[in-house]
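As the structure is a prediction and not an experimental result, all values here were calculated from the model.
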Amino acid sequence: MTKDKKPMTNDQGQIQLIPTDASIPIPEGTYQNLEQLAHHCHQCQRCILGSNRIQAVISRGNPQAPIMIIGEAPGQTEDETGLPFVGKSGQLLDQILASVELNTETDVYICNVCKCRPPNNRPPTPAEIAACQPYLLEQIRLVNPKIILLTGATAVKGLLGDKRGITKIRGQWMECFGRLCMPIFHPSYLLRNPARTEGSPKWLMWQDIKEVRAKLDQLQAKG
(Lines give C-alpha, C1' and ligand atoms only; values in the text may rest on other atoms or scores of the structure.)
Protein backbone atom coordinates (compact mmCIF):
# COMPACT_ATOMS: atom_id res chain seq x y z
CA MET A 1 0.00 0.00 0.00
CA THR A 2 1.40 3.43 -0.97
CA LYS A 3 1.79 6.12 1.68
CA ASP A 4 -0.71 8.47 0.02
CA LYS A 5 -3.59 5.99 0.30
CA LYS A 6 -5.33 5.30 3.57
CA PRO A 7 -6.91 1.92 4.22
CA MET A 8 -10.66 1.88 3.54
CA THR A 9 -12.77 1.74 6.71
CA ASN A 10 -15.82 -0.48 6.97
CA ASP A 11 -18.09 2.57 6.83
CA GLN A 12 -16.46 3.81 3.64
CA GLY A 13 -16.77 0.39 2.08
CA GLN A 14 -20.44 0.17 3.02
CA ILE A 15 -21.15 3.60 1.53
CA GLN A 16 -19.47 2.62 -1.73
CA LEU A 17 -21.72 -0.45 -1.92
CA ILE A 18 -24.97 1.53 -1.61
CA PRO A 19 -25.68 1.67 -5.37
CA THR A 20 -25.21 -2.09 -5.74
CA ASP A 21 -27.89 -3.61 -3.50
CA ALA A 22 -31.21 -2.45 -2.04
CA SER A 23 -30.52 -4.39 1.15
CA ILE A 24 -27.71 -1.97 2.01
CA PRO A 25 -29.18 0.88 4.06
CA ILE A 26 -28.64 4.56 3.40
CA PRO A 27 -28.56 6.11 6.88
CA GLU A 28 -29.63 9.69 7.40
CA GLY A 29 -26.64 11.95 6.84
CA THR A 30 -24.88 9.61 4.41
CA TYR A 31 -24.42 12.37 1.82
CA GLN A 32 -22.78 15.71 2.50
CA ASN A 33 -24.36 17.30 -0.56
CA LEU A 34 -26.64 16.60 -3.51
CA GLU A 35 -23.70 16.08 -5.86
CA GLN A 36 -22.59 13.04 -3.86
CA LEU A 37 -26.14 11.69 -3.91
CA ALA A 38 -26.45 12.19 -7.67
CA HIS A 39 -23.17 10.36 -8.23
CA HIS A 40 -24.58 7.28 -6.53
CA CYS A 41 -27.92 7.57 -8.33
CA HIS A 42 -26.17 7.53 -11.71
CA GLN A 43 -24.35 4.35 -10.68
CA CYS A 44 -27.33 2.74 -9.02
CA GLN A 45 -28.47 -0.83 -9.59
CA ARG A 46 -30.51 -1.22 -6.39
CA CYS A 47 -33.49 -2.43 -8.45
CA ILE A 48 -34.13 -3.71 -11.98
CA LEU A 49 -34.93 -0.23 -13.31
CA GLY A 50 -31.22 0.58 -13.33
CA SER A 51 -30.59 -1.91 -16.12
CA ASN A 52 -33.15 -0.36 -18.49
CA ARG A 53 -32.66 3.38 -18.06
CA ILE A 54 -30.88 5.76 -20.39
CA GLN A 55 -29.91 7.80 -17.35
CA ALA A 56 -31.01 8.42 -13.81
CA VAL A 57 -33.26 11.45 -13.37
CA ILE A 58 -32.32 13.28 -10.19
CA SER A 59 -33.85 16.76 -10.07
CA ARG A 60 -34.29 20.20 -11.54
CA GLY A 61 -34.83 23.57 -9.93
CA ASN A 62 -33.25 25.27 -6.95
CA PRO A 63 -31.51 23.03 -4.35
CA GLN A 64 -32.30 25.69 -1.72
CA ALA A 65 -35.94 26.11 -2.76
CA PRO A 66 -38.69 26.50 -0.15
CA ILE A 67 -40.97 24.11 -2.06
CA MET A 68 -40.15 20.55 -3.09
CA ILE A 69 -42.38 18.81 -5.64
CA ILE A 70 -42.19 15.02 -5.74
CA GLY A 71 -43.55 13.03 -8.66
CA GLU A 72 -43.81 9.34 -9.44
CA ALA A 73 -41.05 8.33 -11.86
CA PRO A 74 -39.47 9.58 -15.09
CA GLY A 75 -41.17 9.14 -18.44
CA GLN A 76 -39.49 8.81 -21.83
CA THR A 77 -38.66 12.50 -22.24
CA GLU A 78 -37.26 12.65 -18.73
CA ASP A 79 -35.20 9.50 -19.28
CA GLU A 80 -33.72 11.04 -22.43
CA THR A 81 -33.00 14.48 -20.95
CA GLY A 82 -32.10 13.48 -17.39
CA LEU A 83 -34.54 16.06 -15.99
CA PRO A 84 -37.87 15.44 -14.21
CA PHE A 85 -41.18 16.87 -15.42
CA VAL A 86 -40.03 18.20 -18.78
CA GLY A 87 -42.63 16.54 -21.04
CA LYS A 88 -46.21 17.75 -21.49
CA SER A 89 -46.97 17.15 -17.82
CA GLY A 90 -43.95 19.18 -16.81
CA GLN A 91 -44.88 22.04 -19.11
CA LEU A 92 -48.34 22.15 -17.53
CA LEU A 93 -46.81 22.02 -14.05
CA ASP A 94 -44.60 25.00 -14.88
CA GLN A 95 -47.68 26.92 -16.09
CA ILE A 96 -49.59 26.10 -12.91
CA LEU A 97 -46.72 27.29 -10.75
CA ALA A 98 -46.25 30.44 -12.82
CA SER A 99 -49.94 31.29 -12.35
CA VAL A 100 -49.18 32.02 -8.67
CA GLU A 101 -45.75 33.50 -9.39
CA LEU A 102 -43.71 30.46 -8.40
CA ASN A 103 -40.58 30.09 -10.50
CA THR A 104 -39.14 26.62 -11.12
CA GLU A 105 -35.61 28.03 -11.17
CA THR A 106 -35.81 29.79 -7.81
CA ASP A 107 -38.83 28.72 -5.76
CA VAL A 108 -39.10 25.00 -6.48
CA TYR A 109 -36.99 21.83 -6.40
CA ILE A 110 -38.51 18.98 -8.43
CA CYS A 111 -37.72 15.29 -8.12
CA ASN A 112 -39.37 11.85 -8.22
CA VAL A 113 -40.01 8.92 -5.90
CA CYS A 114 -38.07 6.74 -8.36
CA LYS A 115 -35.06 8.05 -10.26
CA CYS A 116 -35.28 5.62 -13.21
CA ARG A 117 -38.00 5.14 -15.82
CA PRO A 118 -40.15 1.99 -15.45
CA PRO A 119 -40.67 0.06 -18.72
CA ASN A 120 -43.56 1.42 -20.80
CA ASN A 121 -44.11 4.11 -18.17
CA ARG A 122 -45.84 1.64 -15.83
CA PRO A 123 -46.13 2.64 -12.15
CA PRO A 124 -43.08 1.66 -10.09
CA THR A 125 -43.50 -1.43 -7.94
CA PRO A 126 -43.34 -1.32 -4.12
CA ALA A 127 -39.89 -2.95 -4.27
CA GLU A 128 -38.63 -0.31 -6.72
CA ILE A 129 -40.03 2.49 -4.58
CA ALA A 130 -38.44 1.01 -1.46
CA ALA A 131 -35.06 0.67 -3.15
CA CYS A 132 -35.06 4.34 -4.16
CA GLN A 133 -36.79 5.87 -1.13
CA PRO A 134 -33.59 6.39 0.92
CA TYR A 135 -32.22 8.63 -1.84
CA LEU A 136 -35.43 10.67 -1.69
CA LEU A 137 -35.23 11.02 2.08
CA GLU A 138 -31.69 12.32 1.74
CA GLN A 139 -32.86 14.81 -0.91
CA ILE A 140 -35.50 16.08 1.51
CA ARG A 141 -32.92 16.44 4.27
CA LEU A 142 -30.40 18.25 2.07
CA VAL A 143 -32.86 20.60 0.35
CA ASN A 144 -34.77 21.17 3.61
CA PRO A 145 -37.93 22.61 2.04
CA LYS A 146 -40.66 24.36 3.98
CA ILE A 147 -43.39 22.70 1.90
CA ILE A 148 -43.54 19.35 0.08
CA LEU A 149 -46.07 18.76 -2.71
CA LEU A 150 -46.80 15.16 -3.68
CA THR A 151 -48.15 14.81 -7.21
CA GLY A 152 -50.45 11.85 -7.55
CA ALA A 153 -51.29 8.75 -5.52
CA THR A 154 -48.01 6.92 -6.20
CA ALA A 155 -45.96 9.74 -4.72
CA VAL A 156 -48.24 9.88 -1.68
CA LYS A 157 -48.07 6.13 -1.16
CA GLY A 158 -44.32 6.03 -1.80
CA LEU A 159 -43.44 8.67 0.77
CA LEU A 160 -46.26 8.53 3.33
CA GLY A 161 -47.55 5.00 2.88
CA ASP A 162 -51.07 6.44 2.50
CA LYS A 163 -53.10 4.28 0.12
CA ARG A 164 -56.14 6.53 -0.15
CA GLY A 165 -57.10 7.84 -3.57
CA ILE A 166 -55.71 11.20 -4.56
CA THR A 167 -59.22 12.65 -5.06
CA LYS A 168 -59.94 12.07 -1.36
CA ILE A 169 -56.79 13.64 0.06
CA ARG A 170 -55.69 16.30 -2.42
CA GLY A 171 -55.53 19.78 -1.02
CA GLN A 172 -55.17 18.59 2.58
CA TRP A 173 -52.23 19.73 4.67
CA MET A 174 -50.35 16.87 6.31
CA GLU A 175 -47.10 16.53 8.20
CA CYS A 176 -44.20 14.85 6.42
CA PHE A 177 -40.89 14.46 8.26
CA GLY A 178 -41.63 17.56 10.28
CA ARG A 179 -42.63 19.59 7.23
CA LEU A 180 -45.91 20.73 5.72
CA CYS A 181 -47.00 18.41 2.94
CA MET A 182 -49.91 18.55 0.50
CA PRO A 183 -51.02 15.91 -2.03
CA ILE A 184 -52.06 17.42 -5.37
CA PHE A 185 -53.22 16.03 -8.69
CA HIS A 186 -50.53 14.85 -11.08
CA PRO A 187 -50.39 17.14 -14.14
CA SER A 188 -50.93 14.13 -16.43
CA TYR A 189 -54.35 13.64 -14.78
CA LEU A 190 -55.20 17.23 -15.60
CA LEU A 191 -54.19 16.70 -19.22
CA ARG A 192 -56.71 13.87 -19.40
CA ASN A 193 -59.36 16.04 -17.75
CA PRO A 194 -59.05 19.46 -19.41
CA ALA A 195 -62.39 20.95 -18.28
CA ARG A 196 -62.07 24.13 -16.20
CA THR A 197 -65.57 24.24 -14.73
CA GLU A 198 -66.04 24.63 -10.99
CA GLY A 199 -65.36 21.34 -9.23
CA SER A 200 -63.30 19.93 -12.12
CA PRO A 201 -59.75 18.61 -11.46
CA LYS A 202 -58.19 21.71 -13.04
CA TRP A 203 -60.37 24.01 -10.94
CA LEU A 204 -59.48 22.07 -7.79
CA MET A 205 -55.78 22.26 -8.68
CA TRP A 206 -56.10 26.02 -8.98
CA GLN A 207 -57.56 26.18 -5.47
CA ASP A 208 -54.74 23.99 -4.14
CA ILE A 209 -51.92 25.94 -5.73
CA LYS A 210 -53.36 29.24 -4.46
CA GLU A 211 -53.42 27.73 -0.96
CA VAL A 212 -49.78 26.66 -1.36
CA ARG A 213 -48.79 30.17 -2.42
CA ALA A 214 -50.62 31.69 0.55
CA LYS A 215 -49.03 29.24 2.99
CA LEU A 216 -45.55 29.93 1.61
CA ASP A 217 -46.08 33.68 1.98
CA GLN A 218 -47.23 33.11 5.56
CA LEU A 219 -44.18 30.98 6.42
CA GLN A 220 -41.77 33.42 4.83
CA ALA A 221 -43.34 36.33 6.68
CA LYS A 222 -42.67 34.50 9.94
CA GLY A 223 -39.05 34.00 8.86
Side-chain angles (χ1 to χ4, degrees), residues 57 59-62 65-81 83-114 117-118 120-124 129 136 139-140 143 145-176 179-220:
V57 178
S59 67
R60 70 177 173 99
N62 180 9
I67 296 175
M68 174 182 278
I69 299 178
I70 302 174
E72 177 181 294
Q76 180 178 351
T77 304
E78 289 77 16
D79 191 28
E80 293 171 349
T81 62
L83 297 170
F85 280 98
V86 292
K88 291 182 179 180
S89 292
Q91 293 168 15
L92 178 57
L93 177 62
D94 287 0
Q95 293 171 12
I96 292 168
L97 294 169
S99 71
V100 291
E101 298 183 351
L102 290 174
N103 188 302
T104 55
E105 296 299 319
T106 57
D107 302 312
V108 177
Y109 177 90
I110 303 175
C111 58
N112 283 311
V113 168
C114 285
R117 180 194 179 195
N120 301 315
N121 291 344
R122 63 161 173 76
I129 291 172
L136 177 60
Q139 283 179 296
I140 293 172
V143 175
K146 296 178 182 295
I147 293 172
I148 297 175
L149 302 181
L150 300 172
T151 62
T154 299
V156 175
K157 183 178 178 181
L159 191 62
L160 302 181
D162 194 322
K163 299 180 181 180
R164 289 178 293 172
I166 192 67
T167 56
K168 293 184 178 180
I169 59 175
R170 54 128 291 270
Q172 298 180 25
W173 287 113
M174 304 177 179
E175 183 175 323
C176 178
R179 297 169 175 82
L180 284 173
C181 173
M182 180 188 286
I184 60 175
F185 287 129
H186 195 286
S188 63
Y189 180 71
L190 303 181
L191 290 173
R192 298 193 299 270
N193 296 272
R196 297 175 179 268
T197 54
E198 184 173 344
S200 67
K202 275 197 171 181
W203 184 86
L204 293 171
M205 182 68 148
W206 171 237
Q207 310 311 309
D208 294 345
I209 205 66
K210 287 193 296 182
E211 171 64 21
V212 170
R213 174 79 250 191
K215 180 62 71 174
L216 177 62
D217 290 343
Q218 180 185 1
L219 292 173
Q220 290 179 329

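Of the possible donor and acceptor atoms, none in the side chain of Glu101 sits under 3.5 Å from a partner among the backbone N and O of Leu97. In this structure, the side chain of Arg117 does not engage the main chain of Glu78 through any donor-acceptor pair within 3.5 Å. With Arg213 contributing its side chain and Val100 its backbone, the two residues share a donor-acceptor pair below 3.5 Å.
Taken to the nearest 0.5 Å, the CG atom of Asn193 stands 9.5 Å off from the NZ atom of Lys202. Distance check, rounded to the nearest 0.5 Å: CG of Asn103 to CG of Asn62 gives 9.5 Å. The line from CG of Leu180 to CD of Glu175 is 8.0 Å long, rounded to the nearest 0.5 Å. One distance of note links CD1 of Ile70 with CG of Leu159; it measures 5.0 Å at 0.5 Å rounding. The CD1 atom of Ile69 lies 5.0 Å from the CG atom of Leu149; values are rounded to the nearest 0.5 Å. One distance of note links CG of Leu102 with CG of Leu216; it measures 6.5 Å at 0.5 Å rounding.
With respect to Arg60 and Asp94, a salt bridge is recorded, a charged nitrogen being found less than 4.0 Å from a carboxylate O.
For the side chain to side chain donor-acceptor pair (under 3.5 Å) test with Glu72, the passing option among Asn121, Thr151, Asn112, Thr154 is Thr154; the others fail.
Listed by first and then second residue, the ring pair (Phe, Tyr, Trp, His ring centres under 6.0 Å) pairs that reach into residues 189-218 are Phe185-Tyr189, sequence neighbours excluded. Identified under the ring pair (Phe, Tyr, Trp, His ring centres under 6.0 Å) test for residues 83-102, with sequence neighbours left out: Phe85-His186.
Under the side chain to side chain contact (heavy atoms under 4.5 Å, CB included) criterion, Gln139 pairs with Leu34, Leu37, Ile58, Ser59, Met68, Tyr109, Cys111, Lys115, Leu136, not counting sequence neighbours. Scanning for side chain to side chain contact (heavy atoms under 4.5 Å, CB included) contacts around Leu160 gives Leu150, Val156, Asp162, Met174, Cys176, Cys181, with sequence neighbours left out. For Gln91, the side chain to side chain contact (heavy atoms under 4.5 Å, CB included) criterion is met by no residue, not counting sequence neighbours. For Pro118, the side chain to side chain contact (heavy atoms under 4.5 Å, CB included) criterion is met by Leu49, Ala73, Arg122, Pro124, not counting sequence neighbours.
Other residues, nucleotides and ligands contribute over 12 non-hydrogen atoms within 6.0 Å of the NZ atom of Lys210. The number of heavy-atom neighbours closer than 6.0 Å to CZ of Arg179, taken from other residues, nucleotides and ligands shown, is above 12.
Side-chain atoms of Met205 and Leu190, non-hydrogen and from C-beta on, do get closer than 4.5 Å to each other. Residues Ile96 and Ile184 fail the side-chain proximity criterion, which asks for heavy atoms closer than 4.5 Å. Residues Ser188 and Ser89 are in side-chain contact: their nearest non-hydrogen atoms beyond the backbone lie under 4.5 Å apart. With a 4.5 Å cut-off on side-chain heavy atoms, Lys215 and Ile147 count as touching. Under the 4.5 Å side-chain criterion, counting only non-hydrogen atoms from C-beta, Val57 is in contact with Pro84.
Minimum interatomic distance between Pro74 and Asp79 (heavy atoms only, all atoms of both residues): CB-N, 4.3 Å.
Between the side chains of Gln207 and Glu211, not a single donor N or O lies within less than 3.5 Å of an accepting N or O.
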inquiry  = Please evaluate residues Ile67 and Lys146 with respect to the criterion side-chain contact (heavy atoms from CB on, under 4.5 Å), reporting the C-alpha separation (whole Å), side-chain torsions for both, the decisive distance (0.1 Å), and the verdict.
reply    = CA-CA 6 Å; Ile67 296 175; Lys146 296 178 182 295; over 6 Å; no
